[in-house]
A.B. asks: 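Provided herewith is a single structure, encoded as structure tokens, for subsequent inquiry.
The sequence lines fix the lettering, A, B, ..., with proteins before strands; numbering per chain opens at 1.
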Amino acid sequence: MGPTRMTDIEQETRAGAREEYDAIAVQERWLSVWDELAPFRSSDPGDERPKRYVLDMFPYPSGDLHMGHAEAYALGDVIARYWVQRGYNVMHPIGWDAFGLPAEGAAIKRGVDPRDWTYANIDQQRASMRHYACSFDWDRVLYTCDPGYYRWNQWLFLRLYERGLAYRKPSQVNWCPYDQTVLANEQVVGGRCERCDTPVTKKKLTQWYFKITEYADRLLEDMTQLEGAWPEKVLTMQRNWIGRSTGADVSFVIEGRDEPVTIYTTRPDTLFGATFFVVAADSDLAAELVAEAPGEVRERFASYLAQVQGTSEIDRLSSERPKTGVFLQRYAINPVNGERLPIYVSDYVLADYGHGAIMGVPAHDQRDLDFARAFGLAVRVVVDTGEPDPAETGVATTGDGVLVNSGELDGLRKAEAIERITQLLAARGLGRPAVTYRLRDWLISRQRYWGTPIPIVHCPSCGEVPVPDDALPVRLPRVEGLDLTPKGSSPLGAAQEWVNVACPRCAGPARRDPDTMDTFVDSSWYYLRFCSPGREDVPFDAEAVRTWLPVDQYVGGVTHAILHLLYSRFVTKVLHDLGYLDFTEPFTRLLNQGMVIMNGSAMSKSRGNLVRLSDELSAHGVDAVRLSMVFAGPPEDDIDWADVSPAGSARFLGRAWRLAGEVASPVGADPSTGDLELRKLTHRAVQDTAVAVEAFRFNVAVAKIMELVNATRKVVDTGAGPADPAVREAVEAVAVMLSLMAPYTAEEMWARLGHAPSVARAGWPALDEALLVRESVTCVVQVAGKVRDRLEVPPGIDEDELRTQALASAAVQRALDGRGVRTVIVRAPRLVNVVPV
RNA sequence: GCGGGAGUGGUGGAACGGUAGACACGCCAGACUUAGGAUCUGGUGCCUCACGGCGUAGGGGUUCGACUCCCCUCUCCCGCACCA
């Protein structure tokens with residue numbers, strides 16, 4: 001009966017001869033094999049496999065790959081390699097987000113050409129990726145700093161320009177004093193420059209914008225397509241960022257001014273509670289209103305404005321900041337009751353939100369109340385919420401209640417009053433319902449060298465003239481002779497031969513726009529370019545885009561939750577509207593991986609907790625590092641490298657590899673004659689692993705593979721033995737599944753098992769459904785919800801039979817201790833719960 | 001302040017409302033060893049000699065049954081932060 005026992009001698013030999021797996025030595029042998037086989041090429045003509053587009057966010061080439069890259073690409077690779085094994089033609093390309101400030105920094109500091117610095121880093125990263133066994137399709141590669149790429153940024157700019165979606169306007173903009181350039185709203189994080197952490201200030205400048213606000217509603221609505229496929233967190237962040245609010249515009253007559261001024265409010269029901277009026281200090285309206293004010297007021301305003309503009313965003317944001325302002329000695333007339341409201345300027349009203357002016361309702365808005373208390377202004381309650389008087393408590397009431405002191409609105413509740421007053425205002429031509437967004441237009445011009453030149457020529461007689469398509473690309477001038485030091489204006493302006501051109505329209509002398517584009521423009525459409533990276537006549541091949549897009553699976557860090565993802569969604573919609581794309585969302589599914597940290601905090605040189613990827617790779621090998629990244633936990637969680645054990649991963653890989661060397665049945669041995677229990681475990685593991693991978697529970701997938709390895713070990717050592725065909729079946733399954741995370745080891749195993757490379761294209765093991773059926777399951781028997789016994793029962797057992805068996809259990813009877821049975825809950829075949837009286 | 005998420009062994013983490021702690025790391029013991037930081041085997045939530053009891057941040061609730069659903073509290077993380 002049973003499996004053949006190994007003799008003691010065999011056992012001794014085997015134990016004594018445990019082979020050592022040299023994970024590092026093995027690596028070299030496969031790289032050239034893979035180069036030749038190109039298992040991940042996706043552009044072979046006539047490829048009949050169904051398509052799938054897996055995309056990792058492309059890197060910025062600032063030095064070599066680091067631990068963060070290693071995690072992201074390990075995760076993306078599991079997904080890409082899985083779908084290849086499932087028989088899909090997977091497009092998994094890579095490129096470089098190659099424009100940007102670090103290259104200029106290097107140029108300034110070390111006198112190297114940004115081009116040379118950038119391409120040198122790219123070469124290094126590319127070599128590291130190859131070594132890290134990334135499953136990229138090396139035929140699909142792009143560099144955004146290549147004129148062959150950025151000409152299409154210019155093309156995109158011109159298409160937006162034609163539609164009025166790219167425009168120039170003067171405005172108060174975010175200014176980074178360190179980088180000496182403007183920043184988009186999205187690139188200011190907590191009042192600091194997203195790049196260099198310098199506190200941001202404001203500056204009035206004329207800049208180029210993309211009109212993303214025109215797409216605010218669609219960016220919001222289309223998120224229903226992404227529900228469940230993108231992390232909820234990202235969707236929430238985008239919703240908040242867009243910040244749609246509904247309310248009403250209300251016109252106020254200003255004494256001594258012909259035109260009334262419109263304000264926006266979400267609380268038109270509190271109109272009768274307005275006791276003052278505030279205009280943003282840095283708005284045009286403020287400048288205009290103060291011009292008619294007495295000289296003393298003008299002076300105070302001027303010094304106040306200077307003070308406001310000198311304040312950094314950091315200070316502006318501090319919440320405990322007292323309210324400040326200047327009374328202009330002018331008045332606005334409340335349209336509902338004719339009251340004269342004193343007009344103030346203050347920095348707590350923002351020039352570029354709503355209309356840059358508000359009505360002050362101190363009783364029902366905390367900010368207004370703070371201001372009123374600072375300036376001794378009246379506080380009038382118009383919504384009785386039952387809470388204490390704000391004038392005394394200093395706490396504004398914002399809840400629901402009954403309108404008072406509000407003329408015809410008295411007695412209505414908040415919501416009714418909002419509707420009523422909006423109607424009344426509309427009927428009298430004094431207001432209308434209004435929607436406002438927190439989202440601002442995307443400021444895309446930058447006063448720096450290493451970016452895409454804006455394809456506009458400024459002509460003294462024709463004004464702004466777009467560069468014709470056939471004159472693209474507008475190439476960057478050579479860097480020689482240019483001073484790249486940040487000085488607040490673009491270095492390109494000093495490139496005389498470049499900047500002075502003939503006007504494309506009148507041929508007269510004109511100047512190129514000297515600014516370059518935000519690098520987020522580059523990345524807002526790169527996923528389209530991968531379909532046809534070599535095309536020189538079009539930005540992307542329409543047919544190829546129809547084939548591949550949208551991206552089925554996007555993988556990247558949550559740092560881009562707003563910036564890159566919002567811009568990409570916007571550009572996709574614009575290109576859709578222009579007829580270039582037939583879809584409206586670029587990324588069907590999104591996975592945000594966490595960060596790799598060390599000892600509880602982000603790695604940094606200054607903290608002294610930096611872990612170098614290259615060190616980890618040479619200590620443990622590529623596979624062990626990749627496996628550790630994947631096995632550490634759910635992909636969206638941070639990985640504390642102090643908590644993971646690449647050495648443990650390496651040991652596991654050695655165990656798997658050794659098994660492959662012990663398989664003693666020939667290639668093609670019929671598994672159906674093999675050990676049934678092991679076969680069942682194999683097929684179940686294959687099934688469970690697939691389910692886990694598809695649900696992004698890669699750590700669980702690894703655990704399932706480990707279980708199978710452990711079970712196979714037992715069968716080899718103390719069960720059916722290494723010659724059983726079921727062992728081969730199991731080990732082959734392990735090799736294929738492991739190829740998702742540990743490509744070198746899997747390839748070695750595959751070779752040891754007698755197969756030709758590459759295991760990457762071996763195909764996912766076919767499931768035998770019959771082997772997934774269990775002939776007995778463990779049934780838990782509870783008494784009052786507590787487990788008292790376990791029964792082995794057939795899966796098809798009927799409820800009555802199970803109930804009978806459960807009640808017959810001695811352990812159940814003991815636990816009942818003579819009490820009667822009130823009910824028995826039976827959930828065949830897994831559980832019975834006996835409820836005593 | 002507003003919004004979102006999360007609290008499970010010494011650690012990372014598993015668990016369709018149905019066996020809490022899969023799989024690892026670490027640790028302990030053993031085997032093989034001149035040796036072992038290699039390899040293999042076994043053990044490992046807490047209390048208890050045991051029977052058994054207690055355990056998923058804390059407190060309530062729904063349910064035959066709750067890590068899972070609901071309410072309250074505490075703690076931590078993330079995002080936004082004068083957006084009228």
Side-chain angles (χ1 to χ4, degrees), chain A residues 11-12 14-21 189-191 231-241 243-245 247 263-267 270 278 316-319 321 323 346-350 352-361 364-368 370-371 436-440 558 561-562 627-628 631-634 636-640 642-649 651-652 654-655 658 688 692 697 699-707 709-710 713-714 717-718 778-790 814 822-827 830-836:
Chain A
Q11 191 142 28
E12 197 173 334
R14 180 153 291 130
R18 293 275 179 217
E19 302 167 282
E20 293 271 345
Y21 175 48
V189 179
E232 195 52 46
K233 176 183 175 174
V234 173
L235 296 178
T236 304
M237 283 171 70
Q238 293 215 354
R239 273 191 204 99
N240 292 343
W241 189 261
R244 185 179 200 269
S245 95
I263 59 109
Y264 172 74
T265 177
T266 54
R267 292 293 306 275
T270 62
V278 189
R316 252 184 92 99
L317 291 179
S318 90
S319 49
R321 206 160 138 266
K323 293 281 181 284
S346 175
D347 64 351
Y348 90 90
V349 172
L350 306 176
D352 56 355
Y353 183 79
H355 305 285
I358 62 155
M359 61 173 183
V361 185
H364 305 298
D365 183 291
Q366 190 59 47
R367 297 154 302 184
D368 293 347
D370 294 343
F371 189 83
T436 303
Y437 302 89
R438 213 186 70 109
L439 181 70
R440 308 295 151 85
V558 74
I562 295 174
L627 188 66
S628 299
F631 184 55
E636 48 281 335
D637 289 358
D638 287 349
I639 297 174
D640 194 328
D643 291 333
V644 306
S645 172
S649 298
R651 280 200 296 275
F652 164 71
R655 285 199 290 275
R658 251 175 263 119
D688 289 352
R697 284 152 58 234
N699 55 330
V700 178
V702 173
K704 298 295 177 187
I705 301 172
M706 287 174 164
E707 285 182 30
V709 166
N710 293 344
R713 175 87 262 155
K714 277 210 174 68
D717 284 353
T718 60
T778 308
C779 176
V780 178
V781 185
Q782 303 176 328
V783 175
K786 289 198 164 98
V787 180
R788 297 299 174 177
D789 202 3
R790 295 180 166 85
R814 196 183 327 126
R822 192 170 60 175
T823 354
V824 181
I825 311 284
V826 183
R827 291 285 177 273
R830 290 235 106 108
L831 177 131
V832 175
N833 189 8
V834 180
V835 186

A.B. asks: Please tell me if A:Arg651 has a side-chain N or O lying less than 4.0 Å from either OP1 or OP2 of B:rC25.
C.D. replies: yes
A.B. asks: Taking atom P in both B:rG18 and B:rC69, what distance in whole Å separates the two?
C.D. replies: 11 Å
A.B. asks: Give one of base, sugar-phosphate or nothing for A:Ser245, where a contact means two heavy atoms less than 4.0 Å apart.
C.D. replies: sugar-phosphate
A.B. asks: Pick the C1' atom in B:rC71 and in B:rG26, then give their distance to the nearest Å.
C.D. replies: 40 Å
A.B. asks: Among the candidates B:rU39, B:rA14, B:rA84, find the nucleotide nearest to the side-chain atoms of A:Arg658.
C.D. replies: B:rU39
A.B. asks: Is there a Watson-Crick or G-U wobble partner for B:rG3 with both distances under 3.5 Å, and if so, which one is it?
C.D. replies: B:rC78
A.B. asks: List, with names and distances, any nitrogen or oxygen atoms from the protein found under 3.5 Å away from nitrogen or oxygen atoms belonging to nucleotides 20-23 of chain B.
C.D. replies:
from, atom 1, to, atom 2, distance (Å)
B:rA22, O2', A:Glu707, OE2, 2.8

A.B. asks: Does A:Asp365 come within less than 4.0 Å of A:Arg267, counting only side-chain N to carboxylate O?
C.D. replies: no
A.B. asks: Could you please name the partner base of B:rG37, counting Watson-Crick and G-U wobble pairs only when both distances are under 3.5 Å?
C.D. replies: none
A.B. asks: Say you pick atom P in B:rA6 and the same atom in B:rC16; how far apart are they, in whole Å?
C.D. replies: 15 Å
A.B. asks: Between B:rG9 and B:rU56, how many Å separate the two P atoms, rounded to a whole number?
C.D. replies: 9 Å
A.B. asks: For B:rC54, give the paired nucleotide (Watson-Crick: N1-N3 plus N6-O4 or O6-N4; G-U: N1-O2 and O6-N3; both under 3.5 Å), or none.
C.D. replies: B:rG45
A.B. asks: May I ask you to verify whether the side chain of A:Asn833 and the base of B:rC64 hold a donor-acceptor pair under 3.5 Å?
C.D. replies: yes
A.B. asks: Please classify the glycosidic conformation of B:rG13 as syn (within 90° of 0) or anti (everything else).
C.D. replies: anti
A.B. asks: Name the closest nucleotide to the A:Ser645 side chain, picking from B:rG12, B:rG4, B:rC25.
C.D. replies: B:rC25
A.B. asks: At under 4.0 Å between heavy atoms, what does A:Thr823 touch on the DNA or RNA strands: base, sugar-phosphate, or nothing?
C.D. replies: nothing
A.B. asks: Parallel, tilted or perpendicular, judged at 30° and 60°: which one describes the rings of A:Tyr264 and A:Tyr353?
C.D. replies: perpendicular
A.B. asks: Rounding to the closest angstrom, what is the interatomic distance between B:rA20 and B:rC67 at atom P?
C.D. replies: 9 Å
A.B. asks: Could you run down nucleotides 42-58 of chain B 5' to 3' and tag each one B, S or - for protein heavy-atom contact under 4.0 Å?
C.D. replies: S---------SSS----
A.B. asks: Could you tell me the Watson-Crick or G-U partner of B:rC67, where both distances fall under 3.5 Å? Say none if there is no partner.
C.D. replies: none
A.B. asks: If the C1' atom of B:rA14 is compared with that of B:rG45, how far apart are they to the nearest Å?
C.D. replies: 15 Å
A.B. asks: Using a cut-off of less than 4.0 Å, is there contact between a side-chain N or O of A:Arg697 and OP1 or OP2 of B:rA15?
C.D. replies: yes
A.B. asks: Using a 4.0 Å heavy-atom cut-off across all strands, classify A:Arg827 as base, sugar-phosphate, or nothing.
C.D. replies: base
A.B. asks: Nearest to the side chain of A:Val780, heavy atoms from C-beta on, is which of B:rC25, B:rU19, B:rA84?
C.D. replies: B:rU19
A.B. asks: With heavy-atom distances below 4.5 Å as the criterion, would you say the side chains of A:Val709 and A:Arg713 are in contact?
C.D. replies: no
A.B. asks: Taking atom C1' in both B:rG17 and B:rC64, compute the distance separating them and give it to the nearest angstrom.
C.D. replies: 12 Å
A.B. asks: Would you indicate what A:Arg655 reaches in the nucleic acid, counting non-hydrogen atoms under 4.0 angstrom: base, sugar-phosphate, or nothing?
C.D. replies: sugar-phosphate
